[in-house]
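Throughout, a chain's letter reflects where its sequence line sits, starting with A, and its residues are numbered from 1.
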Amino acid sequence: MNGFFTDEDGRFAPRLSLRLRFGRLFQLLSLAAVTLGLFLLSVLLLDIILDGYKWLRPEFFTEFPSRFPEKSGLRSALQGSLWMIGLTALVAFPIGVGAAIYLEEYASDNWFTRFIEINISNLAGVPSIIYGLLGLGLFVRGLELGRSVLAGSMTMALLVLPILIVSGREAIRAVPQSVRHASLALGATKWQTVQHHVLPYAMPGILTGTILAMSRAIGETAPLITIGALTYIRFDLKGPLDLFTVLPIQIFNWVSLPKAEFQQLAAAGIIVLLAVLLSMNALAIVLRNRLQIRW
Amino acid sequence: MTKSVRSLLFVFVAASLLLAACGAPATPETVTVVQTQIVEVPVEQTGPVEGTILVDGSSTVAPITAAVAEEFQAEYPEVRVPVGISGTGGGFKKFCNGETDISDASRPIKESETETCAANNIEYIELPVAFDGLAVLVNPQNDFVSCLTVEELKKIWSPEAEGVITNWNQVREGFPDRPLALYGAGTDSGTYDYFTQAIVGEEGASRGDFLPSEDDNVLVQGIAGDPNALGFFGLAYYEENADKLKLVAIDNGDGNCVEPNAETVASGTYQPLSRPLFIYVNRERIDQKDEISAFIEFYLKNAGTLSAEVGYIPLTDEIYALAQKRYDARITGSIFEGLGSTVGVSLTDLLAKEK
Amino acid sequence: MQESKLVTNAVLLRGRADHDRREKIIRAVLLLFAAVSILTTLGIIAVLLQETILFFQEVSIIEFFTETRWTPLFASKKFGVLPLVNGTILVAAGAMFIALPLGLLSAIYLSEYASDRARKILKPLLEVLAGVPTVVYGYFALTFITPLLQKIWPETQAFNGLSASIVMGFMILPLVASLSEDAMSAVPGSLREAAYALGATRLEVTLRTVVPAALSGISAAFILAVSRAIGETMIVAIAAGQQPKLTLNPLQSIETMTAYIVQVSLGDTPQQSIAYKTIFAVGMLLFLMTLVMNLFSNWITRRYREVYE
């Protein structure tokens with residue numbers, strides 16, 4: 001019986017030191033895998049910061065985009081992004097939370113429920129540009145909203161809905177059954193239980209999920225390009241039916257202009273976008289840690 | 001954090017700093033912006049100028065319209081002028097549907113589009129606003145090309161050349177034995193359409209094995225880095241990168257090699273690669289919305305200065321005057337009706353013809 | 001105490017029938033919200049199908065799937081979708097070469113080797129990698145990675161599939177890591193302890209006990225990663241190119257299905273033309289591909305999931 005673990009006498013040879021050495025090697029390898037990704041990330045961040053940090057001055061946030069790089073700023077893009085997140089949250093939050101409540105509290109385990117669940121998990125994987133085509137056909141043309149920030153937000157709402165529903169369900173599922181049972185035992189109806197007991201306890205998790213969904217929406221470009229949001233905007237956004245632009249699209253615009261300064265402006269814009277994203281993610285993590293209730 | 005993790009972190013922060021610092025960031029030098037001489041336009045009417053003017057269309061013309069809109073909105077802050085970039089064709093579709101007031105176009109309106117407009121009772125006024133020159137570029141290390149004829153360009157770019165004309169020595173006798181690396185505007189752009197129309201003779205007809213890009217900056221980088229390169233894109237991008245590229249003069253068959261610049265394009269000597277850019281205005285809206293007529297007046301008066309600022313070539317004063325006359329008389333319809341394309345056509349002649 | 005008394009009193013005073021009706025209405029409304037997802041899918045199919053049908057009235061399906069050239073924007077139009085599919089799969093495959101092994105290794109490190117403190121720091125950092133907008137990744141690929149590649153292989157074109165693949169791989173890595181880690185932490189400690197008790201080293205426990213036990217979750221993660229790579233748009237639109245071609249060479253410029261849709265949406269194509277309809281046909285194909293992958297992933301999880309205890 002010859003083999004790796006057999007010595008000359010045919011007895012079991014543990015070869016422990018060799019196996020442990022392999023183990024150490026593997027540990028280093030897997031650590032390298034983690035750090036390789038982070039390495040790329042830091043190169044990317046440093047490259048962009050070095051390219052654009054000189055353009056980060058107060059005027060950058062208060063000026064509209066202009067044909068002069070020195071006079072260009074993110075004013076309309078920031079407004080557009082803020083409006084878009086606001087409207088998207090307004091539309092997606094009730095629907096997402098409602099759907100999560102239904103699936104966790106009310107739905108029975110039949111084919112219809114499974115169909116909805118498969119649907120949701122599939123929609124989470126649909127490429128964002130398909131949502132753009134949907135938004136174009138349904139909101140821009142069908143509901144005749146034009147290329148307004150409302151049409152863009154509704155398209156985004158559909159895009160982030162699966163994320164909201166999944167995280168909402170997890171948050172609701174985390175509330176122990178004992179809370180529900182106690183409420184029902186005291187004579188409350190199902191909806192009262194949900195409204196007064198389950199939801200308040202699940203809210204931190206739902207909020208975290210909402211923030212993460214919004215941070216996804218802020219960085220998306222493809223669907224908005226498809227619905228036609230490429231526009232030079234030099235005025236303040238006043239209502240949901242106004243034409244708009246958002247941070248990633250403004251960046252996209254600047255990069256294709258001839259002057260070299262616009263490339264750096266784009267890098268500065270990216271820094272702002274990343275800063276916004278990082279703070280949203282950090283907010284979500286802080287919320288999750290602070291408000292999480294340990295049962 | 002374990003020691004190994006910490007030391008690794010240190011190593012890669014240092015390494016990434018090193019790698020990232022390889023890029024050369026430029027300082028935003030305090031550029032003294034020469035105060036552009038903006039021609040003010042007195043708006044005669046009662047009440048403040050306000051409202052929204054919807055503009056959409058060509059991404060080539062958009063920078064000009066956006067520059068005009070920028071100055072106009074500085075002048076009249078109550079007017080909003082969003083300038084969309086749906087492309088010339090997309091812009092016309094919206095325009096002929098009544099969804100926009102002004103359409104930017106890098107080519108004249110096509111017959112099918114005119115029919116759509118007519119079907120929707122939309123009359124338009126066609127106004128030229130600037131010239132766009134298409135430059136042909138090679139790498140600065142290329143020392144054997146300084147002038148190419150249209151015939152040679154056609155040989156290089158026609159569909160039959162795909163896979164066949166792959167070497168510089170096939171273009172002209174005496175050219176060295178070097179592979180041909182082609183770069184050009186994306187196939188979905190007006191620039192590409194115009195180039196193929198002017199050089200090959202049919203819109204959209206070209207070989208497929210060239211490197212296309214919608215972003216002309218990428219073409220600049222590509223040509224600047226490839227000694228065997230030959231490419232074409234808008235003049236504005238050449239002027240911003242003149243130190244990285246070499247311009248090729250074009251011989252339109254008469255033996256004269258002409259380089260594109262403000263003069264040669266405006267006077268029409270740089271042919272066939274200069275094209276006029278247009279805006280189309282909804283005739284009815286001019287009377288309905290005061291701000292539109294104010295905007296058009298402003299546009300025509302300032303297009304010369306502003307188009308030069310964003311890298312295009314102003315029309316001659318004569319043509320601007322003719323365009324102004326056209327606008328004042330509210331003449332609708334296209335002067336290119338039945339002509340199909342603008343290659344080799346003189347704006348002055350066409351505009352002067354209609355009296 | 002006061003509050004619950006009031007609530008209980010209100011409940012008693014209201015009456016059963018009233019509440020039942022309210023409950024029914026609320027349930028219906030919530031069901032409607034959940035059904036929005038179905039409506040979305042139906043909407044997508046409707047929008048895509050409408051134009052796709054019009055497209056196939058002018059172009060034969062056979063040509064679509066067998067012709068080897070894709071030139072709807074040229075004068076001589078050919079409508080073979082294979083080059084686009086080739087581009088998509090080439091870039092996705094390259095991305096998977098990076099995302100799958102590195103993602104799995106990262107997951108293993110995080111779940112089996114990392115200390116609590118290390119995990120608390122590394123995990124959010126990895127999520128940042130996933131959170132960077134794809135536009136940013138696209139430009140990073142174009143302006144940083146491609147020149148780097150050109151130094152190593154000078155024949156690399158200004159647009160190429162490889163730099164898009166590399167960047168996409170790192171973007172998807174956290175997805176693989178996170179899902180794999182979830183799958184591995186679901187493996188109960190008793191299995192690990194049993195392996196240790198039999199004398200296995202940490203490496204052996206991981207590779208021969210934990211990973212096989214978590215295999216269904218890990219495979220699902222892999223399939224989702226592929227689906228994500230296929231559907232990625234901006235990175236390829238910016239860095240991979242606009243030249244559809246049938247090639248296995250990642251150093252050349254190619255075009256993916258998603259990049260083509262963006263190109264035409266941004267461009268000058270008149271909207272009644274056949275070229276415009278192509279984006280819906282390509283979109284439909286894309287939707288079907290990702291649908292099949294997602295269903296497959298679901299099925300694998302369901303079929304092969306080991307339920308412990």
**Report entry** Under 4.5 Å from a heavy atom of chain B, the part of C:Ile238 involved
**Finding:** neither
Query raised in the report: Which atom names give the shortest non-hydrogen contact between C:Gln263 and B:Thr187, and what distance separates them?
Result: NE2-OG1, 3.4 Å
Query - Separation between CZ of C:Phe74 and CD of B:Glu203, rounded to the nearest 0.5 Å - result: 13.0 Å
Report task. Please say whether more than 12 non-hydrogen atoms of neighbouring residues, nucleotides or ligands are located less than 6.0 Å from CZ in C:Phe97. Result -> no
**Report entry** B:Tyr192, part contacting chain C, at a heavy-atom distance under 4.5 Å
**Finding:** side chain
Query - Structural part of C:Gln242 lying under 4.5 Å from a heavy atom of chain B - result: both
Query - B:Asn217 side, atom CG; C:Thr143 side, atom OG1 - distance, nearest 0.5 Å - result: 11.5 Å
Report summary line: Looking only at B:Ala181, B:Pro212, B:Ala205, the option with the highest number of non-hydrogen pairs under 4.5 Å against chain C is B:Pro212
Requested in this report: Could you look at B:Gln221 and say if it's the side chain, the backbone, both or neither that has a heavy atom under 4.5 Å from chain C?
Outcome: neither
Query raised in the report: Taking atom CD1 of C:Ile62 as the centre, does the number of heavy atoms from other residues, nucleotides or ligands within less than 6.0 Å exceed 12?
Result: no
Report summary line: Most contact-rich option vs chain C, by heavy-atom pairs under 4.5 angstrom, among B:Ser206, B:Ser112, B:Gly222, B:Gly225, is B:Ser206
